[in-house]
Every structure is written in structure tokens, then in C-alpha cells.
Amino acid sequence: MGCGTSAVVTETQVKRVEEAEGTCEPVRNPSPALTMKAAVLIQRWYRRYMAHLEMRRRYTWNIFQSIEYAGEQDQLQLSSFFSFMLDNFTQLNGNGPDLISQLLDPVLDPWLGRETCFSCIPVPDSYTGPRLTFPLSVSDTNALLNAFKEQQTLHAKYLLQLLCETKKLLRQMPNIVHLSTSYTKDITICGDLHGRLDDLLLIFYKNGLPSAETPYVFNGDFVDRGKKSIEVVVLLFAYFLLYPDYMHLNRGNHEDHIMNLRYGFTKEVMQKYKTHGREILQLFQDVFSLLPLATVIDGKILIVHGGISDQTDLDFLNSVERHKVKSALRLPRQSFEPLDLGQSYRQTKRLRSTDGSRPNSSRNQKTPNQRRRHCQLTHQDSAASCSSSSSSSSSSSTLCSPRSPSSLSPRPCPSSPSIHFTVNSLQVPFLDSLSSLSPPSPPQYEREWKQIVDILWSDPKNQDGCYPNTFRGGGCYFGPDVTQRLMLQHGLQLLIRSHECKQEGYELCHGGRVITIFSASNYYEEGSNRGAYIKMGKDLIPRFYQYQVGRGTRKLTLTQRVRVAESSALKALKEQLFTHRSELMAAFKEFDHNNTGCVSVSEWAQVLESVLRLDLPWRTLRPHLVRLTAEGAVEYESCFEDMGSGTQLAQVTPNLAETLFRYRTDIEIIFNIIDKDHSGLISIEEFRQTWRLFSAHLGVDINNQAIDDLARSIDFNKDGSIDFTEFLEAFRVVHKLDKYQHQSRRDSNTERL
Amino acid sequence: LIFLLSEAMASDVHKKIKAAFKAFDYEANNTVDVREIGTIVFSLGCFPSQADLHDFIAQVEEDHTGFIHLEKFLPVMTNVLLEKRFPPIPEDKLLQAFEVLDKEKKGYLEQEELTKYMMQEGEVFTQEEMDEMLTALTDQKDNVIYYKDVIDELIIDNDI
């Protein structure tokens with residue numbers, strides 16, 4: 001780009017510009033008018049470029065969110081599967097209560113109330129990590145900070161002790177904690193952290209460590225998804241023990257052992273603590289359920305993790321026994337109320353995206369799970385409770401108590417629509433002997449549970465009203481009128497909540513009366529979003545502080561950030577396509593009667609929309625996913641071209657393969673639970689039983705022969721045990737073309753992180 | 001202006017517009033914030049001036065509510081696209097424009113130079129727009145804007 005060449009070019013340019021502008025002035029001294037025209041041109045061009053970028057950013061964001069929430073609905077699948085397993089599959093090895101019942105059924109838990117003997121656990125001299133002494137002091141918390149910065153792991157003994165102490169302290173706290181700004185300086189309020197240690201450390205660095213001068217409220221979702229959930233939660237609990245008056249923790253929907261099974265916390269604990277993992281998880285379960293549900297500042301600012309519903313009553317909420325709700329996904333065991341599933345299905349609205357009644361692969365059929373629940377009725381019972389013999393899939397799921405109906409009052413229809421997923425996770429054990437049944441509980445239990453679920457799972461929306469949050473499968477969507485009503489009812493002026501990732505780390509809605517605060521930056525991908533926290537003084541005016549953790553030293557341009565995020569989102573989206581391959585192909589073939597391998601763009605978009613149930617701009621995304629013929633038709637099979645599986649397994653039919661791909665995470669979790677000694681191996685029989693159950697539950701048609709063949713084929717050593725890591729490796733989606741195509745052109749000019 | 005269109009053509013245009021609109025329809029109720037309209041119009045391939053945008057918004061806004069309904073947006077935007085009312089700027093004109101600003105014919109622009117023009121001339125940039133432009137276009141080593149290279153990037157990306 002030397003001056004020589006440009007001089008030549010300029011000559012030509014001068015002529016062209018002169019012709020265009022009709023002026024004889026040499027461009028060397030362009031007229032003000034010309035300069036202005038040039039400026040305008042560049043500005044307009046740049047604005048258009050930025051608009052395109054913003055559009056791509058929006059699409060990318062939509063992809064991430066759609067897939068994330070679709071995943072959360074799968075979560076209900078998993079929890080209902082666990083219920084199913086528990087109901088039908090008492091013990092996997094017959095030697096006393098196993099991990100499943102331990103984890104899922106605290107009532108049966110023999111260790112409930114037992115104090116863990118952490119003093120019995122020896123700590124080797126070779127351990128160089130923090131050795132905590134209780135009560136904790138600042139040197140302990142400093143030691144923890146340093147240790148975690150150095151990638152050290154806290155020894156199980158101290159972790160268990162920490163959790164025990166936390167549990168003791170939390171027991172003394174009410175459900176709703178009241179703070180005052182009179183005695184403290186500014187209060188800092190943080191949102192979801194999701195195991196992002198870097199974000200927590202950044203907040204502490206920018207804002208100061210928790211202390212009397214720097215009180216904090218952490219609004220839930222400390223764990224899951226991120227890789228350092230244990231470190232995050234240990235620091236939070238440690239500071240809580242150190243400064244119980246200045247460190248406040250609210251429960252989030254991820255402080256829930258069933259969510260943890262799916263979203264990574266359980267796995268992280270099992271991996272970092274091979275010997276004591278289960279005890280630790282048990283304690284976490286207790287601690288999580290003891291976390292307060294809400295914080296109120298000066299009687300005016302309400303802080304909860306998710307949101308509220310039109311049923312939210314803070315006085316009632318303060319009175320419930322919060323620790324009984326171990327998981328928001330499962331109704332406490334004692335309730336035997338018949339629920340009108342039919343009603344909740346009818347009232348389920350299809351909102352922005354996926355319909356909540358997915359994820360069964362046999363979409364409109366009842367699962368054996370639901371069918372089975374129908375059975376245990378006597379004549380009298382059916383009269384009292386089964387009012388819901390309604391449409392299609394719902395009637396089979398009415399749950400009835402085998403007891404005599406006189407003690408049951410017919411359950412009144414709830415004033416707000418019942419939550420769809422409630423019934424799937426409702427506990428009704430199949431008991432051989434009815435005599436061991438305790439008397440049915442009043443609707444009280446369910447009311448309490450619903451209060452908590454609403455607090456942990458709801459999302460605000462701009463439309464008035466309150467209706468079930470089918471996107472998430474739990475809690476409600478609440479409108480400005482609901483907020484207004486609660487504010488008036490309790491004399492509040494502001495609701496601060498978290499639960500939703502926001503690009504700027506925070507967002508206001510409901511006329512400024514609701515603030516969402518989210519503290520995990522780069523949540524979906526490097527550069528996807530900022531994190532933020534709120535500081536608030538006596539004036540109760542929130543001030544927002546944003547940040548973004550970055551891996552590199554150089555600031556990424558918006559273009560680069562969008563590219564990275566887009567690439568990641570598209571990969572995730574392609575995986576969705578891959579794991580639904582046979583359904584998609586079947587649907588495509590319905591449009592492609594002549595077997596040309598092509599369909600129109602409209603038809604292609606239609607198929608994707610209906611099979612994947614992700615509300616995305618398919619036409620706009622099309623160029624990234626499939627090829628077009630010269631005539632503009634879509635070669636629908638081309639989207640599967642650059643993906644394959646890890647390894648090939650001969651005995652795996654396409655149908656089976658797809659199921660395995662799709663539920664790979666869930667299956668892995670189940671295997672990890674079965675594998676008590678963490679050897680990576682389970683017995684063939686365990687594998688067979690589990691697989692049979694899982695597929696039966698999903699309603700996937702897999703015959704026993706296929707399972708047996710499969711089991712035998714993956715018994716690589718022919719010794720009766722299966723290395724499931726190896727097995728699952730076959731069902732990891734591999735992207736053959738790993739680079740985002742357009743980036744190759746830029747690589748030479750740009751430094752990539 | 002009424003155009004006679006084949007059904008497929010009209011349908012395609014409508015779908016394009018709807019997709020762009022939906023990307024900002026956060027509540028899934030066919031409304032978008034008026035402040036996003038510029039982005040939507042630009043992303044559909046148009047190059048309106050700021051004045052053009054103001055006129056456009058006046059045509060489609062719902063009585064100063066700050067929101068725009070798809071019902072009103074769709075027909076107006078369809079006409080804009082079919083009439084090619086805000087045609088794109090050809091690439092070579094863009095290069096010429098940079099060269100006009102590059103008075104000393106250096107082949108590049110200093111950051112201060114570009115800032116001066118963008119924030120004082122024409123349809124001036126906000127500070128935010130300026131900051132982003134500088135970050136995006138400035139060569140890291142030499143701290144200047146090699147506009148010829150930069151144009152390549154801007155153009156390639158627009159095709160996606």
C-alpha cells in the first residue's frame with residue numbers, strides 16, 4: 001500500500017469523481033459538499049454493516065436460548081425417568097439402598113440426620129491445600145481464594161465440614177431474610193454465576209471481598225454448567241460462615257440435586273471427589289434445600305431468583321418448611337392428590353418457542369410411565385377423582401389414591417392453570433401393600449411447593465397476566481400487573497431477579513420495577529454476553545456495573561465476537577439436526593415424492609420447525625446449514641455431511657443410534673450413578689436393565705434382542721462388564737469441518753483467540 | 001404503488017421481512033421497539049439516510065407508543081423493497097468516499113482524521129458508534145485505518 005500505487009489510482013478516481021459530481025475542482029481539495037457526501041456514504045455503509053452484525057448476533061442468541069431451554073425441558077424427561085425407575089426398579093444390585101434412592105428419595109434415606117464423620121477422614125501430609133479450622137477466619141477464606149486460583153482442590157474432609165457448618169447455620173435462617181441499609185454501606189447484588197470462578201473472582205477484585213463494608217447478596221444458581229461450581233460454592237459458603245450478617249445467599253433453581261444430575265454439578269463432584277463424592281452430594285442436597293428463598297432490603301426491594309406468580313404470598317412463603325422441597329422438580333412425597341392433567345394440557349399455551357409437552361420421541365403417545373400410573377383404581381376412587389377423562393394423551397395420567405375416597409375431597413380446580421410438568425414428576429409409589437400408606441396430605445403440601453417453584457422458576461413477560469411457563473416447564477410467566485399487585489400488597493418498590501441470561505448482564509422491564517441481573521459473562525460462548533452486578537445504597541437506587549471475563553489480552557471487535565458465538569451456536573444447532581436425522585429424513589421424504597433429494601426452501605423450513613420445535617429463523621440460517629441446487633432447491637441431506645459419530649458400532653441401528661445421540665448426556669448420568677465404584681465399568685445385566693427401562697420410558701421401540709446384541713457387542717473384553725465411556729464415545733457428534741468457513745479468509749489478517 | 005407479483009415472489013419477500021422483524025420481536029406478539037427499526041431496515045439490504053428512516057418510522061409507528069406492529073410494517077416495507085427505494089451503495093463509491101477523506105493521499109486514515117469526519121460531518125456518529133468503528137477498522141500494529149483492506153471485510157460480511 002505504497003504511495004506510488006495510490007497516486008495512480010487517485011488520478012483515475014479524480015476523473016471519476018469529477019464526472020460523477022460534475023465539478024472541475026481537483027479532489028486534492030475536495031469541496032465541503034463533497035467531503036460531506038463522502039462522510040455520509042461511509043456512515044451509511046457502516047451503519048448497514050453494523051445492522052447486519054446485530055442481526056447475526058440476535059439470531060445467534062436465539063439459537064443458544066432455544067437450545068438451552070429445549071435442554072431444560074429434557075430435564076423433566078430425566079427426572080420423570082428417575083421417578084419411573086424408582087417406582088419400578090427398586091434396587092439395582094439388591095444390596096440395600098443405592099445411590100438412586102439416596103439421591104432421589106430423601107425420605108427413605110437412612111443417612112438423613114446423621115452427622116457425617118468428617119473427623120474420621122484422614123488428611124495426608126502430602127496435601128498442600130487449605131486446612132480449614134472452624135469457626136472460619138479471614139486467613140481461611142484467603143487460603144481458599146489462593147488455593148482456587150492455583151487450581152487446587154479442597155480436601156473432602158474440610159469440604160464436608162464446611163457443608164455441615166453451613167447446614168447448621170442455614171437452619172437458623174428464615175425463608176425470607178430482611179436486610180437494612182441503615183447499618184451497612186452499599187449492598188452488592190449478584191446474579192447467576194453457574195460455576196464461573198473467574199467471574200466471581202473478577203467481582204471480588206473490582207468490588208471488594210465480602211466484609212462489613214462490602215455486604216453481598218448472591219441470587220442463586222451458583223452451580224451447574226461451569227467447570228468450577230465447587231470452588232464457587234465453597235467460597236460463597238465460606239464467606240457466609242465468616243460473615244453471616246454480610247453475606248446473603250438465595251436459592252436458585254439449580255440448587256437442586258436433580259438439575260445437578262443433568263447440568264454438571266454432580267459430575268464435577270464425582271470427578272473431583274472419588275471417595276466421598278456421594279456423601280458430599282448428600283450434604284449439598286441438604287444445604288441447597290436450606291438456602292433462603294428471598295431477601296428483602298429495607299422492606300422495599302424484593303430479591304428472588306426466578307420471579308413471582310399471581311399466587312405468590314410472601315407471608316405464606318415465609319411460613320413454609322422450605323427444606324422439605326429438596327427438588328423443585330418433584331412434589332414432596334406425601335401428597336397423593338389426584339391431579340387433573342387434562343386441564344393442564346388444555347391450558348398449556350404455545351408461546352414463543354418449544355411446546356412444553358415434548359420431548360418424547362413418540363410425541364403423541366402416552367409413555368408407559370403415564371399409562372402405568374392410570375391403573376391402580378378401585379371403583380369408588382374413580383368416581384371421586386378421575387374427572388379428567390379428556391382428550392388424547394391426558395386421561396391416562398390421572399393419579400388416584402388407592403385409599404377410600406371419603407378422606408379425599410375432590411380437588412378443586414386451581415385458579416391459575418396447573419403447571420404442566422407437575423404431574424409427570426408426581427410421586428406415587430407402586431406399593432405392594434396398601435397398609436403402609438400414610439394418610440393423604442392436604443393440598444397444603446402442594447401449595448407450599450408451588451410457592452417455591454414459582455419463586456425459583458418464573459420469568460417476567462411484558463404482557464399482562466400470569467400463565468404457565470411452558471418454555472421452561474416450571475413456574476410462570478408473570479406480567480406487569482402481577483408485579484404491580486405484589487408490590488402494592490407488600491409495600492415494595494422493586495423486584496430484583498436473575499435466572500435469565502442477558503446480553504448486557506442486566507435488563508429492566510415492567511416499567512423499571514423488575515430488574516434481571518446476571519453475573520456469568522460469556523455464558524454461551526466467548527463474547528456472548530457481559531456479566532453485571534448491582535450496587536445499592538440508602539437511596540435504594542440501583543447502579544449497574546458490567547464486566548466481561550476475557551481469555552485474551554486484546555479486545556475482540558464486535559465482528560470477531562459475533563463470529564465466534566455464531567460459529568458455536570451453529571455447531572450446536574447442527575448437532576440438533578444430526579440427532580434427529582431419521583425423523584427429519586422421514587419428513588423430507590414426505591415432500592419429496594419423486595425422490596429427487598430436494599425440497600423447496602419453504603418445505604425445508606417447515607420440516608425443521610415441526611421436527612425440532614425450535615422457533616428459529618430457518619430461512620436466514622439456511623446458508624449455514626444446507627446446500628442449494630442451481631435452481632434454488634434445498635439438498636436436504638447435505639446438512640448431515642460434515643458430521644459423524646466418534647466411532648462406529650456395527651450392532652447399532654440408525655434408530656438406536658439417534659436415541660443414543662440425543663440422550664447421551666442423560667445416559668451418561670445414569671451410568672455414572674450405577675457405577676458405584678467409579679471404575680468406568682458396569683455389568684452387562686445392569687446395562688441391559690437400564691437400557692430396557694430407558695427405552696421403555698421414552699416409548700422408543702427397541703426390541704430386547706437388539707439390546708442384548710448391543711450389550712454383547714460392547715462387552716469388548718468379553719468379561720461381562722461394559723466400559724461405558726468407550727460406549728458413549730461412539731455417540732458423540734463429531735464435526736468434520738471444524739472451522740467456520742468464512743473465517744478462513746480472515747485468518748491471515750486477524751489474530752484469533 | 002401496486003405491483004403485480006407472482007405469489008411466490010410476494011411470499012418470499014414477506015417471509016424475509018417477517019424473519020427480520022421477528023428477530024427483534026422479544027415478546028412474540030408481532031411488535032418491535034421503534035429503536036430497532038433502523039437495524040431491521042438496514043439488514044434487509046436498504047441504505048436509508050437518517051431522514052429517510054425518520055419518514056419511514058412516521059409511516060409505521062403506532063401513535064408514538066414507541067412500538068411498531070408487523071401489520072403496519074409489512075406492507076410499507078414490502079413496497080420499500082420492491083421499489084428499491086433505498087438502494088445499496090456500490091463498493092467502488094465507498095472506496096472513492098474514503099479517498100476523498102484521505103486528503104493527503106496516504107492510502108490510510110489516522111484515527112483522529114476519521115473521527116473528525118465521522119463525528120462532525122454528514123449524519124454524525126454517536127461516541128459509541130465511533131468507538132466501535134475505530135476498534136473494528138484500526139490496524140493493530142500501525143494504529144491507522146487501511147481503508148482499502150477494510151472495505152473488503154465490510155463487503156464480504158454483508159453477503160452472509
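Labels below follow one simple rule: chain letters A, B, ... track the order of the sequence lines, proteins then strands, and each chain is numbered from 1.
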* Asked: Would you find more than 12 non-hydrogen atoms of other residues, nucleotides or ligands less than 6.0 Å from B/Arg85 atom CZ?
  -> yes

- Message: Quick check: do B/Glu132 and A/Tyr46 have side-chain heavy atoms less than 4.5 Å from each other?
- Response: yes

Shortest non-hydrogen pair, A/Ala38 vs B/Ala97, comes out as CB-O, 3.5 Å

Under a 4.5 Å heavy-atom criterion, the part of residues 116-126 of chain B in contact with chain A comprises B/Tyr117, B/Met118, B/Glu121, B/Gly122, B/Glu123, B/Val124, B/Phe125

Closest non-hydrogen contact found for A/Ala51 with B/Phe42 is CB-CB, 3.3 Å

Answer yes or no: is there a side-chain heavy-atom contact under 4.5 Å between A/Arg47 and B/Leu53? no

Between the CD1 atom in A/Ile42 and the CD1 atom in B/Ile151, the distance rounded to the nearest 0.5 Å is 8.0 Å

Within residues 67-74 of chain B, the residues sitting under 4.5 Å from chain A by heavy atom, in sequence order, are none

Subject >> Close side-chain approach of B/Gln50 to A/Gln43, heavy-atom, < 4.5 Å >> reply: no

- Are A/Ser602 and B/Lys15 close enough that a side-chain donor and a side-chain acceptor fall under 3.5 Å? yes

The reported gap from OH in A/Tyr59 to OG in B/Ser43 (rounded to nearest 0.5 angstrom) is 6.0 Å

Bottom line for A/Arg619: the part with an atom under 4.5 Å from chain B's heavy atoms is side chain

Of all heavy-atom pairs linking A/Arg58 and B/Ala23, the shortest is CD-O, 3.2 Å

Bottom line for B/Glu36: the part with an atom under 4.5 Å from chain A's heavy atoms is neither

Original post:
Does some side-chain heavy atom of B/Ser49 sit less than 4.5 Å from a side-chain heavy atom of A/Arg44?
Top reply: yes

Sorted by chain and number, sequence neighbours left out, salt bridge (charged side-chain N to carboxylate O under 4.0 Å, His left out) with A/Asp481 holds for none

For B/Val100 and A/Thr35, the nearest pair of non-hydrogen atoms, with its separation, is CG1-CA, 4.2 Å

The reported gap from SG in B/Cys46 to CZ in A/Arg48 (rounded to nearest 0.5 angstrom) is 8.0 Å

Taken in chain and number order and not counting sequence neighbours, the residues that satisfy salt bridge (charged side-chain N to carboxylate O under 4.0 Å, His left out) with A/Glu54 are A/Arg57

